[in-house]
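Residues: numbered from 1 along the sequence shown.
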Amino acid sequence: MYLFVDNDKILKKYAEGIHMYGLMILLPIAFVVILLAICFSIVKSGNNFRDNSKQIINGMTKSQVQSIMGSPSFTKTHQDGSVEWVYEKSEWKGFLRGGTMTRRMEIVFNSSGVVISVGRNQNCDRSGW
């Protein structure tokens with residue numbers, strides 16, 4: 001007695017199994033690649049703040065500073081007529097890198113609107129303001 005085996009059905013089932021196995025491998029890899037791309041874009045945005053802040057020097061005008069840094073987080077006017085602009089940028093670094101990191105930059109303009117002092121990464125405590 002002969003047994004007839006339908007080779008087409010066997011090959012079709014085998015091909016479906018390989019296809020599902022391939023998807024099981026490719027989907028997690030695609031997820032990791034997308035996650036890494038998001039992480040690198042976040043890190044790059046943090047570098048923009050740092051790179052831009054390095055361009056600010058004494059003698060610049062308010063308009064020059066604003067064109068590089070944008071609008072300040074908050075401002076303070078001193079009794080002598082000078083104005084202080086404070087820029088803060090917080091970013092999540094992850095649990096292993098200390099959580100949230102806040103970069104801070106303080107720029108003081110004289111009464112004519114020219115930079116006379118630049119401070120970077122100082123204490124972010126606003127008490128007394």
(request) Please check if the side chain of Y87 supplies one atom and the backbone of G70 the other of a donor-acceptor pair under 3.5 Å. (result)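 Yes; judged by distance alone, with no hydrogens or angles, the pair exists.
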(request) Could you tell me whether the side chain of S111 and the main chain of G81 form a donor-acceptor pair under 3.5 Å? (result)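 No, because the side chain of S111 does not come within donor-acceptor range (under 3.5 Å) of the backbone of G81.
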Just verifying a value: how many Å separate [X] [atom1] and [Y] [atom2], rounded to the nearest 0.5 Å?
| X | Y | atom1 | atom2 | result |
| --- | --- | --- | --- | --- |
| I107 | N58 | CD1 | CG | 10.0 Å |
| F109 | M60 | CZ | CE | 9.0 Å |
| I116 | E84 | CD1 | CD | 10.0 Å |
| N110 | S117 | CG | OG | 11.5 Å |
| E106 | I56 | CD | CD1 | 14.0 Å |

(message) Any heavy-atom pair between the side chains of N48 and K89 that's under 4.5 Å?
(response) no
(request) Determine the minimum heavy-atom distance between S71 and Q66, stating which atoms define it. (result)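 Result for this residue pair: OG-NE2, 3.4 Å.
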(message) Minimum heavy-atom separation for S90 and T102, please, with both atom names.
(response)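 Nearest pair, atom of S90 first, then T102: OG-OG1, 2.9 Å.
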(request) Group every Ile, Leu, Val, Met, Phe, Trp and Tyr by side-chain heavy-atom contacts under 4.5 Å, then state whether M105 and I68 land in the same group. (result) yes
(message) Given W85, which partner from the list V115, V65, V108 fulfils the side-chain contact (heavy atoms from CB on, under 4.5 Å) test?
(response) V65
